[in-house]
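If you read the sequence from its start, that first residue is 1, and numbering goes on from there.
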Amino acid sequence: MNDHRNRNNCQLPKVNCQLIMATGLLAVSLSATAKVKPTEKEKAPNILFILCDDMGYGDLGCYGQKYVQTPNLDRMAQEGMRFTQAYAGSPVSAPSRAALMTGQHTGHGHVRGNKEYWRGTPMVKYGVNEDYSVAGQEPYDPRHIILPEIMKKNGYTTGLFGKWAGGYEGSCSTPDKRGIDEFYGYICQYQAHLYYPNFLNCYSAAQGDTAVHRVVLEDNIAYPMFGDDYKKRPQYSADMIHQKALDWIDAQDGNQPFCGFLTYTLPHAELAQPADSILKHYKKQFFVDKTWGGNEGSRYNPAEHTHAEFAGMITRLDAYVGEILAKLKEKGLADNTLVFFTSDNGPHEEGGADPTFFGRDGKLRGLKRQCYEGGIRIPFIAYWPGHVPAGIVNDHQLAFYDVMPTFCELLGDKRFPKKYLNKKLEDDCFDGISFLPTLLGNDDAQQEHDYLYWEFHETDQIGVRMGDWKLVVRKGTPHLYNLAEDIHEDNDVATSHPDIVKQMKDIIRKEHRPSELFKVTLPADAD
């Protein structure tokens with residue numbers, strides 16, 4: 001049975017995200033210097049990987065968004081490097097995060113979809129509410145090393161704040177068992193659909209915890225999870241998680257390098273947030289707004305002012321990033337901390353979200369759950385004063401499974417990948433290529449992918465990108481696009497280029513390993 005005790009040391013105050021500019025936005029100066037490459041005498045760099053949830057390629061001002069203000073991320077892009085052809089690991093959350101953590105694409109990795117473990121479990125009581133006694137998703141294979149474990153082996157202290165989605169409570173793959181020293185947030189991505197939940201999960205090695213446990217949000221559970229009274233819940237998870245992340249950064253003294261995964265749930269799921277100055281700003285901007293009445297059986301509550309709520313979520317997330325960068329500067333850690341910002345997949349249209357109105361796909365085709373560009377191409381920004389050259393827009397093609405080898409090269413760990421392969425695990429592998437040369441402004445030394453690969457069982461799709469060619473296989477039928485001429489993937493040219501189609505089918509034959517849990521239909525001559 002899960003531990004439902006109320007841990008006061010994990011209860012956190014709300015973050016201050018008041019608007020302080022005339023435009024109603026919190027902006028932080030990020031000044032950068034001119035130096036490009038780190039010297040051998042420098043300390044091992046700290047790393048923060050900020051991963052938001054369901055943000056589309058076009059959701060930020062620096063990627064063309066017109067309706068939503070994102071001054072901190074825009075400044076981060078101006079003083080860092082903005083990638084235009086970066087890809088998530090999958091078009092949905094759990095397998096995309098798995099690609100990041102395992103260094104494997106979804107043809108090789110164990111977790112390739114959102115297999116849930118809360119379904120059918122007994123319910124437990126929280127105040128006037130009932131919730132599931134088990135929460136979480138399919139665990140990462142414990143025989144295959146993951147990124148936090150590699151960082152621990154290289155002397156780093158590690159933290160994860162936000163969404164885990166790499167195992168269920170009590171499984172073989174929870175943060176405490178997979179190299180994380182400090183965790184606060186949601187074990188389960190389904191629980192993360194609510195911003196005012198009944199409980200969060202917590203683990204702190206420093207405080208003597210022996211396992212991840214639940215933290216009951218006592219002020220929330222006095223009100224029902226659904227209906228009008230839900231909005232009376234005061235404990236807003238996004239603020240609580242962010243404050244915990246800030247506290248963790250603030251506790252770093254510079255003596256031991258740190259690696260933090262800040263996996264914020266914004267702007268995913270229900271359109272709900274505090275009625276503070278951020279939301280008020282957008283209610284004025286979208287004076288005539290849409291409402292969403294909800295769906296029967298939905299996890300999401302009905303929402304008024306859906307455009308204002310969504311825009312506020314993006315700007316709130318932007319304010320979080322500004323506070324993180326300000327904290328690094330305050331602590332004297334900015335010059336030795338590499339910060340990434342990205343999203344786990346493309347935009348959704350659930351719970352009243354309106355991606356069409358905002359142009360959230362950045363003029364790409366497709367949304368979350370699709371292997372078209374809109375489902376997998378994501379914003380990706382890197383910022384490291386004095387090391388990552390400022391103001392660069394880069395078209396290097398990378399995917400989440402490239403992050404692991406990049407971290408290893410950054411640390412000077414020459415043991416990757418051979419050292420980390422499990423000889424007892426048949427066909428254990430890593431699929432990424434380090435993009436550190438690109439990050440440090442040395443494009444000439446950058447190794448390129450011959451192709452990138454995705455598969456997703458829920459929509460029965462496979463995606464392959466090879467140069468400017470993009471193959472999308474839907475239920476076994478291949479569709480070919482030339483992204484150089486057809487970025488929206490409107491014109492299927494498969495019949496005109498059978499040689500290219502054959503070549504890309506051969507890639508599928510090479511990269512796909514059968515999975516009993518996550519089955520896809522291969523093209524007819526690639527099975």
Arg365: which residues meet the salt bridge (Lys or Arg N to Asp or Glu O under 4.0 Å) condition with it, sequence neighbours left out? none

Any heavy-atom pair between the side chains of Phe456 and Thr106 that's under 4.5 Å? no

Closest approach of Leu51 to Ser343 (non-hydrogen atoms, all atoms of both residues): CD1-C, 3.5 Å

Test side-chain hydrogen bond (donor to acceptor under 3.5 Å, both in side chains) on Glu455 and Tyr453; report intermediate values, then the result. CA-CA 7 Å; Glu455 57 183 59; Tyr453 184 88; 2.6 Å; yes

Just by distance, do the side chain of Thr263 and the backbone of Lys163 share a donor-acceptor pair under 3.5 Å? yes

With a 3.5 Å cut-off and no angle check, do the side chains of Gln370 and Gln461 form a donor-acceptor pair? no

Set out, in order, the CA-CA distance, both residues' side-chain angles and the distance that settles ring pair (Phe, Tyr, Trp, His ring centres under 6.0 Å) for Phe286 and His305, then state yes or no. CA-CA 8 Å; Phe286 301 108; His305 306 287; over 10 Å; no

Could you give the distance from CD1 (Ile376) to CG (Leu367), rounded to the nearest 0.5 Å? 12.5 Å

Test side-chain contact (heavy atoms from CB on, under 4.5 Å) on Met55 and Tyr63 and set out the steps. CA-CA 12 Å; Met55 176 178 281; Tyr63 282 90; over 6 Å; no

Among Tyr132, Tyr190, Tyr168, which residue satisfies the ring-ring contact (aromatic ring centres under 6.0 Å, His included) criterion with Tyr117? Tyr168

Which atom of Thr158 lies closest to which atom of Lys152, heavy atoms considered: OG1-CD, 3.8 Å

I need the Ile146 CD1 to Ile180 CD1 distance, nearest 0.5 Å. 7.0 Å

ring-ring contact (aromatic ring centres under 6.0 Å, His included) with Phe341: which residues, sequence neighbours excluded? none

Measure across Met225 and Asn129 and return the closest heavy-atom pair with its distance rounded to 0.1 Å. N-OD1, 2.7 Å

Phe310 and Phe357: CA distance, side-chain angles, deciding distance, ring pair (Phe, Tyr, Trp, His ring centres under 6.0 Å) verdict: CA-CA 11 Å; Phe310 169 74; Phe357 174 84; 9.5 Å; no

Atom OH of Tyr223 and atom CG of Asn198: how far apart are they, to the nearest 0.5 Å? 14.0 Å

Other residues, nucleotides, ligands: >12 heavy atoms within 6.0 Å of Glu304 CD: no

Over 12 foreign heavy atoms within 6.0 Å of CG, Asp228: no

Trp248/Phe258 under ring pair (Phe, Tyr, Trp, His ring centres under 6.0 Å): CA gap, chis, key distance, verdict: CA-CA 10 Å; Trp248 182 76; Phe258 61 86; 5.6 Å; yes

Is a salt bridge present between Arg97 and Asp53, judged by a nitrogen-to-oxygen distance below 4.0 Å? yes

Mind checking whether Phe83 and Phe380 have ring centres under 6.0 Å apart? yes

Nearest atoms (heavy-atom pairs only) where Gln104 meets Gly109: OE1-CA, 3.4 Å

Do Gln69 and His281 have a side chain donor and acceptor closer than 3.5 Å? yes

With rounding to the nearest 0.5 Å, note down the distance linking CG in Asn345 to CG in Asp54. 4.5 Å

Just by distance, do the side chain of Tyr195 and the backbone of Thr265 share a donor-acceptor pair under 3.5 Å? yes

Does a donor on one side chain and an acceptor on the other come within less than 3.5 Å for Ser237 and Tyr186? yes

Can a donor-acceptor pair be found between the side chains of Ser204 and Glu182 at a distance below 3.5 Å? yes

Name the one of Lys519, Arg369, Lys475, Lys368 that satisfies salt bridge (charged side-chain N to carboxylate O under 4.0 Å, His left out) with Glu458? Arg369

Determine yes or no for a side-chain-to-main-chain donor-acceptor pair under 3.5 angstrom, with Asp289 supplying the side chain and Ala308 the backbone. yes

Quick one about Ser93 and Gln189 (side-chain donor to acceptor, distance below 3.5 Å, no hydrogens or angles considered), yes or no? yes

Looking only at side chains, do Tyr282 and Thr315 share a donor and an acceptor under 3.5 Å apart? yes

So Leu328 and Leu48, side-chain contact (heavy atoms from CB on, under 4.5 Å) or not? Walk me through it. CA-CA 10 Å; Leu328 292 174; Leu48 292 178; 3.9 Å; yes

Please state whether the rings of Phe49 and Phe340 are parallel, tilted or perpendicular, taking 30° and 60° as the class boundaries. tilted

Is it true that a side-chain atom of Thr70 and a backbone atom of Asp318 form a donor plus acceptor pair closer than 3.5 Å? no

Point-to-point distance, once rounded to the nearest 0.5 Å, from CG of Asp59 to CG of Leu73: 11.0 Å

For the residue pair Tyr156 / Asn46, report whether a side-chain donor-acceptor contact shorter than 3.5 Å exists. no

Side-chain donor-acceptor pair under 3.5 Å between Tyr383 and Arg75, yes or no? no

Whether the side chain of His457 engages the backbone of Gly113 through a donor-acceptor N/O pair (distance < 3.5 Å, no angle test) should be reported. no

Using the ring of each side chain (for Trp, its six-membered ring), is Tyr196 parallel, tilted or perpendicular to Tyr236, with breaks at 30° and 60°? tilted

Test item: side-chain donor near acceptor, Gln137 and Glu116, under 3.5 Å: yes

Check: Trp454 ring centroid to Tyr87 ring centroid under 6.0 Å: yes

Can you establish whether the number of heavy atoms outside Lys125 located under 6.0 Å from its atom NZ is more than 12? yes

Answer with yes or no whether the side chains of Gln243 and Asp247 bring together a donor and an acceptor at under 3.5 Å. yes

Side-chain donor-acceptor pair under 3.5 Å between Asp402 and Thr406, yes or no? no

Got a second to check how far Leu517's CG is from Glu138's CD, nearest 0.5 Å? 5.0 Å

What one should report as the nearest heavy-atom pair of Ala165 and Ala94 is O-CB, 3.8 Å

Do the two ring centres, one from Tyr140 and one from Trp164, sit under 6.0 Å apart? yes

So does Glu330 pair up with Lys327, basic N to acidic O under 4.0 Å? yes

